[in-house]
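Reading through the structure tokens given below for one structure.
The shown structure was predicted, so the numbers you read here are calculated from the model rather than taken from an experiment. So that the names make sense, note that chain A is the first sequence line, chain B the second, and so on, each numbered from 1. Scope of the values below: all heavy atoms of this structure, side chains included, with no hydrogens, waters or symmetry mates.
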Amino acid sequence: MVAITLPDGSVRRFDRAITGADLAADIGPGLAKAALAIRIDGKMMDLLTPLTTDANVSIVTKKDEDALELLRHDAAHVMAEAVQELFPGTQVTIGPAIENGFYYDFARDQPFTLDDLPKIEAKMREIVDRDEPIRREVWDREKAIAHFESIGEKYKAELIRGLPAGDPIGIYTQGDKWLDLCRGPHLPSTGKLGKAFKLMKLAGAYWRGDSNNPMLHRIYGTAWADEKQLAAHITMLEEAEKRDHRKIGQEMNLFHLQEEARGAVFWHPKGWTLYRTLLSYIRRRLEAADYVEVNTPLLMDKVLWERSGHWDKFGAKNMFTSESEERHLAVKPMNCPGHVQIFNQGIRSYRELPLRMAEFGCCHRNEPSGALHGLMRVRAFTQDDAHIFCTEDQVRGETKKFIDLLRSVYTDLGFTEIRVKFSDRPPVRAGSDATWDKAEAALREATEAAGLEWTLNPGEGAFYGPKLEFVLKDAIGRDWQCGTLQADFVLPERLGAHYIGEDGAKHVPVMLHRAILGSFERFIGMLVENYAGKFPLWLAPVQAVVCTITDDAKPYAEEVAAKMKAAGLRVETDLANEKINYKVREHSLAKVPVLVVVGKKEAEGQSVALRRLGGQNQEILALTEATDRLTKEAAVPGT
RNA sequence: GCCGACGUAGCUCAGGGGUAGAGCAACUGAUUCGUAAUCAGUAGGUCCGCGGUUCAAUUCCGCGCGUCGGCACCA
């Protein structure tokens, strides 16, 4: 006798062995048809899993949020079967569900072409129509290895060899011919997948994510519970593409990139205005938070980088170098060693700590060519960098202060959802394990004290210390690290920093490396995508355009523009001999937040007609009032 | 760096073995207009670069560079 408790609290008792499918059928025929899997005590399992002991069980259908993961994983398997049917000799490797979809990595001499995707998709639909039963079997390890080797699936055999001894070898058969090694769970049959999927793109991917391994051919797909969701997702992607900062950057004439300066930005007047506005905002926030600003050399002798450990880790491959008068110089990839040089001038007292040293430091890193991406990943960038020299006791308080400052800045800049990753010690690092224990514990405690939630990002810390990464998503959902806070117990010692403590003895300070934006380049990329170019008034490169309706209004338009400019607004004029409709359209497409329209009426009455971007109406105001109002609205946050 | 796709006017793109075309933008002229495209005209090109095949290459082939999508990398 087993007692099954359903989510509504009701209990069903069975005196025979049943499976999830039987349970669903027992509840009702509709559910039996819709059932995809079951959850036993919260854990998702195959529908055909026998229920042998009392348990809390729920039936998973397409309506469940996490049924999507199941569908996507099955979509990957169906795609693998389709590919092997169409392209015999192709080896399968792994194919997981991912956000919004799935992929599968195939080993094959001949790459797939874009034309293959519709063929594979059609074959997948065929397999769904065949409604092949999917069943789990547990195989003997040696038998499984022998089987996969005999059919030429060396990657699968390698995967099985890598499974921990004693783990069951789960094999899922799909129909009567096709099978795959998999942990599951899976749908009961391919028909349950439905057809709300689409193959999206081809890519190369290294076997097991290691660039020393062969490159496999990856096919990405998206899969949803129904066609409507699929269509919504496709529309979302199309909309997101329009927000791409590279596209908007060109449309709004903010910046450009060109091959003679790969990975370096040519900032145009409008883009540079945005940059300067952001910089002066951050500078003010830092001043208010008791930072001091410094500036350090771009070119320094490479011995400094050898001493800090950067040369070993990054030097040869990632730093730009130069020679002069027998000195080997390196362009700085970061500002920290420079800041330590300033710290090291004279004798420091504990009374000076915490010393918060900021620099808008222009750094160069020779990033791998394939990593470059618009403003998001460049070779020359400026960090809103600072190093806080402090005592161990001050780490907690400084961390809290920094996190508060970062949150406030992100809110001002329109980012409310911030994800935080905690990256701990990497495999290759400087400093002893004891030092790392201390640094990780200090950062973790301080972060928790600040009430910040984070997820662990194992092994991704800097070589000198653990770090918090503040991650933002771009328009199409790619992650980019922007802010960071790194607890460094290593570099100060390596670079000979110390202060005189209360006890009269020399101590090595802790160094907190921190950035709020990360780099101006990347953050502006994020800002552009986040606002889709429709910046709030204080950030907009051009805040208003004064447009004339007829030539008669030209002198008055000039007067209006001059007065607004004098009030500190970024104003342009459009005196062209064009219809007002044309001008409205042009400047709306250019995402100018405010249009100031003047015609005969306004000229006579010393008034203006304001039209907001995206708005339908206009507001007639006296010139002085309009100027006042806009000036107030354009105020930089916190001023 | 690796795999794949792509590279034609300022921009978005069409075309195709016989040295190129549209729309928008630019320029000129007409028009003076009340809130998302007024009309007409003019001008604009090393068809990414270098080699090869060919009577002839922007088109086909090879290499290089760049961009895009992934992977790897990301102090």
Side-chain angles (χ1 to χ4, degrees), chain A residues 103 105 111-114 200-220 241 244 246-247 250-251 253 256-260 262 305 308-315 317-319 332-337 363 365-374 376-378 383 385 423 426 428-430 460-465 467 469 476 478 480-481 484 486 488 491 513 515 518 522 547-554 576-590 595 597-602 609-618 620:
Chain A
Y103 68 78
D105 286 346
F112 296 105
T113 70
L114 247 30
M200 304 296 281
K201 55 194 177 196
L202 296 168
Y206 296 107
W207 167 236
R208 299 204 139 161
D210 184 336
S211 56
N212 296 311
N213 287 339
M215 185 152 267
L216 307 170
H217 303 290
R218 176 173 295 182
I219 302 179
Y220 281 96
E241 249 171 60
D244 190 309
R246 293 165 296 189
K247 192 173 153 65
Q250 188 190 56
E251 287 167 358
N253 197 8
H256 85 270
L257 302 160
Q258 69 183 52
E259 67 176 284
E260 289 83 353
R262 266 195 101 181
W305 305 102
S308 69
H310 288 97
W311 188 260
D312 265 1
K313 182 115 168 64
F314 303 103
K317 254 168 65 185
N318 289 297
M319 282 165 73
K332 70 174 172 183
M334 52 181 3
N335 308 298
C336 14
C363 298
R365 299 178 186 174
N366 198 0
E367 303 285 10
S369 57
L372 301 179
H373 182 100
M376 303 298 196
R377 189 84 181 269
V378 285
Q383 298 178 317
D385 202 3
S423 300
V428 181
R429 56 182 180 262
E460 296 293 321
F463 76 89
Y464 47 72
K467 64 174 178 178
E469 298 177 36
I476 69 160
R478 285 178 288 223
W480 298 97
Q481 181 204 303
T484 185
Q486 306 168 3
D488 181 0
L491 286 187
H513 306 238
R522 178 176 292 179
C547 302
T548 49
I549 290 175
T550 63
D551 284 351
D552 300 341
K554 272 187 189 179
N577 172 12
E578 284 291 350
K579 288 189 165 176
I580 191 62
N581 298 44
Y582 178 85
K583 294 187 184 182
V584 167
R585 180 181 157 81
E586 285 301 291
H587 302 301
S588 297
L589 289 175
L595 292 190
V597 180
V598 295
K600 206 189 261 174
K601 279 186 273 175
E602 287 78 10
L610 294 189
R611 183 197 163 99
R612 307 287 174 154
L613 179 58
Q616 298 295 321
N617 331 322
Q618 44 279 338
I620 312 285

Margin query: Looking at every heavy atom in both Ser423(A) and Gly461(A), which two are closest together, and how far apart are they?
Written below: CB-N, 3.5 Å

Next item on the list: Mind checking ring pair (Phe, Tyr, Trp, His ring centres under 6.0 Å) for Tyr220(A) and listing every partner two or more places apart, or none if nothing turns up?
Entry: Tyr103(A)

Checklist line | Base partner of U46(B), which must satisfy Watson-Crick or wobble distances under 3.5 Å | finding: none

Item checked: Nearest-Å distance for atom pair CZ/P, residues Arg262(A) and C65(B) -> 9 Å

Note to self: What I want to find out is whether Arg246(A) reaches Asp244(A) closely enough, with some N-O distance under 4.0 Å, to be called a salt bridge.
What the structure shows: yes

Checklist line | With sequence neighbours excluded, residues passing ring pair (Phe, Tyr, Trp, His ring centres under 6.0 Å) with His373(A) | finding: Trp480(A)

Margin query: Partner lookup for G34(B), please. Criteria are Watson-Crick or G-U wobble with both distances under 3.5 angstrom; report none if nothing qualifies.
Written below: none

Note to self: Using side-chain heavy atoms (C-beta onward) and a distance below 4.5 Å, is Gln383(A) in contact with His513(A)?
What the structure shows: no

Next item on the list: Please evaluate the base of G66(B) for a donor-acceptor partner in the side chain of Glu260(A) within a cut-off of under 3.5 Å?
Entry: no

Next item on the list: Heavy atoms only: give me the nearest Pro333(A)-Arg365(A) pair and the separation to one decimal.
Entry: O-NE, 2.8 Å

Next item on the list: Quote, to the nearest angstrom, the P distance that separates A75(B) from G4(B).
Entry: 29 Å

Note to self: Using the P atom as the point on both nucleotides, what is the distance between G1(B) and A36(B), in whole Å?
What the structure shows: 50 Å

Margin query: Is there a side-chain contact between Arg522(A) and Val378(A) in this structure, where contact means two heavy atoms from C-beta onward sitting under 4.5 Å apart?
Written below: no

Note to self: Suppose we define a pair by two distances each less than 3.5 Å, Watson-Crick or G-U wobble; what does C55(B) pair with here?
What the structure shows: G18(B)

Notebook entry, point to check: Expressed in angstrom and rounded to an integer, what is the separation of Lys554(A) atom NZ from C33(B) atom P?
Noted result: 14 Å

Margin query: If I pick the C1' atom on U53(B) and the same atom on A57(B), what distance separates them, to the nearest angstrom?
Written below: 10 Å

Item checked: Span that lies between the P atom of C6(B) and that of C48(B), in whole angstrom -> 13 Å

Checklist line | Atom pair distance, as rounded to whole Å: CG in Leu595(A) and C1' in U35(B) | finding: 8 Å

Item checked: Closest non-hydrogen atom pair between Ile620(A) and Glu602(A), with its separation -> CD1-OE2, 4.0 Å

Using the 3.5 Å cut-off, write out each protein N or O paired with an N or O of nucleotides 22-29 of chain B and the distance between them.
| residue | atom | partner | partner atom | Å |
| --- | --- | --- | --- | --- |
| A25(B) | OP1 | Tyr582(A) | OH | 3.0 |

Checklist line | Spacing between Ile549(A) atom CD1 and U35(B) atom P, to the nearest angstrom | finding: 8 Å

Notebook entry, point to check: Just checking Leu216(A): base, sugar-phosphate only, or nothing, at a heavy-atom cut-off of under 4.0 Å?
Noted result: nothing

Check: Expressed as a whole number of Å, how far does the P atom of C2(B) sit from that of G21(B)?
Finding: 40 Å

Notebook entry, point to check: NA contact type, Glu241(A), heavy-atom cut-off 4.0 Å: base, sugar-phosphate, or nothing?
Noted result: nothing

Next item on the list: Could you let me know what G10(B) is paired to, Watson-Crick or G-U wobble, both distances under 3.5 Å, or none if it's on its own?
Entry: C24(B)

Please tabulate the protein-to-nucleotide N/O contacts below 3.5 Å involving nucleotides 8-15 of chain B, giving atom names and distances.
| residue | atom | partner | partner atom | Å |
| --- | --- | --- | --- | --- |
| C11(B) | O3' | Gln250(A) | OE1 | 3.3 |

Next item on the list: Indicate, with a heavy-atom threshold strictly under 4.0 Å, whether Arg429(A) touches base, sugar-phosphate, or nothing.
Entry: nothing

Next item on the list: Kindly say whether, by distance alone, the side chain of Asn581(A) makes a donor-acceptor pair under 3.5 Å with the base of U35(B)?
Entry: no

Checklist line | Whole-Å gap separating P (G34(B)) and CD (Gln616(A)) | finding: 18 Å

Notebook entry, point to check: Mind checking whether Val584(A) and Cys547(A) have side chains closer than 4.5 Å, heavy atoms only?
Noted result: no

Margin query: Does the structure show a Watson-Crick or G-U wobble partner for C39(B), both distances under 3.5 Å? Name it, or say none.
Written below: G29(B)

Check: Counting any heavy atom closer than 4.0 Å, what does Leu114(A) reach on the DNA or RNA strands: base, sugar-phosphate only, or nothing?
Finding: nothing

Item checked: Donor-acceptor contact below 3.5 Å, side chain Arg218(A) vs main chain Ala203(A) -> no

Check: Where the side chain of Arg585(A) is concerned, which of A37(B), U35(B), G69(B) is the nearest nucleotide?
Finding: A37(B)

Item checked: C1' atoms of U54(B) and U59(B), separation to the nearest Å -> 13 Å

Next item on the list: Kindly determine whether Lys313(A) and Asn318(A) satisfy side-chain contact (heavy atoms from CB on, under 4.5 Å), including the steps that lead there.
Entry: CA-CA 9 Å; Lys313(A) 182 115 168 64; Asn318(A) 289 297; over 6 Å; no

Check: For atom C1', what is the distance between G64(B) and U12(B), given to the nearest Å?
Finding: 28 Å

Under 3.5 Å, which N/O atoms of the protein pair with N/O atoms of nucleotides 71-75 of chain B?
| residue | atom | partner | partner atom | Å |
| --- | --- | --- | --- | --- |
| C71(B) | O4' | Gly204(A) | O | 3.0 |
| C71(B) | O2' | Tyr206(A) | N | 3.0 |
| C71(B) | N4 | Gly370(A) | O | 3.4 |
| A72(B) | O2' | Ser211(A) | OG | 3.2 |
| C73(B) | O2 | Arg377(A) | NH2 | 2.8 |
| C73(B) | N3 | Arg377(A) | NH1 | 3.0 |
| C74(B) | O4' | Arg377(A) | NH2 | 3.3 |
| C74(B) | O2 | Arg377(A) | NH1 | 3.2 |
| A75(B) | OP2 | Lys467(A) | NZ | 3.1 |
| A75(B) | O2' | Tyr464(A) | OH | 3.2 |

Item checked: Summary of protein contacts for nucleotides 45-50 of chain B, nucleotide by nucleotide, where a base hit scores B, a sugar-phosphate-only hit scores S (4.0 Å, heavy atoms) -> ------

Next item on the list: Sort out the partner of C68(B) for me: Watson-Crick or G-U wobble, both distances under 3.5 Å, none otherwise.
Entry: G4(B)

Notebook entry, point to check: Of all the choices, U35(B), C68(B), A36(B), which nucleotide is nearest to the side chain of Arg246(A) once you look at every atom?
Noted result: C68(B)

Next item on the list: Specify the closest pair of heavy atoms between Arg262(A) and Ser369(A), including all atoms of both residues, with the distance to one decimal.
Entry: NH1-CB, 3.5 Å

Next item on the list: Examine G69(B): is either OP1 or OP2 under 4.0 Å from a nitrogen or oxygen in the side chain of His373(A)? Give yes or no.
Entry: yes

Next item on the list: Please tell me if the side chains of Val598(A) and Ile549(A) come closer than 4.5 Å, counting only heavy atoms from C-beta onward.
Entry: no

Check: Do Leu202(A) and Ile219(A) touch side chain to side chain, with heavy atoms closer than 4.5 Å?
Finding: yes

Next item on the list: Return the value, rounded to whole Å, for the distance between atom CD of Glu602(A) and atom P of U35(B).
Entry: 12 Å

Check: Can you find a pair of side-chain heavy atoms, one from His310(A) and one from Leu491(A), that are under 4.5 Å apart?
Finding: yes

Next item on the list: Could you check whether Lys579(A) gets within reach of a base, just the sugar-phosphate, or nothing at all, counting any heavy atom under 4.0 Å?
Entry: base

Check: Please give, in whole Å, the distance from C68(B) P to Leu372(A) CG?
Finding: 9 Å

Checklist line | Whole-Å C1' distance, C65(B) and G41(B) | finding: 40 Å

Item checked: Over all atoms of both residues, closest heavy-atom pair of Gly309(A) and Phe463(A) -> C-CZ, 3.8 Å

Next item on the list: Search all heavy atoms of Lys583(A) against all heavy atoms of Ala576(A) and return the closest pair with its distance.
Entry: NZ-O, 2.7 Å

Next item on the list: Could you state the atom-to-atom distance from CD of Glu578(A) to P of U35(B) in whole Å?
Entry: 16 Å

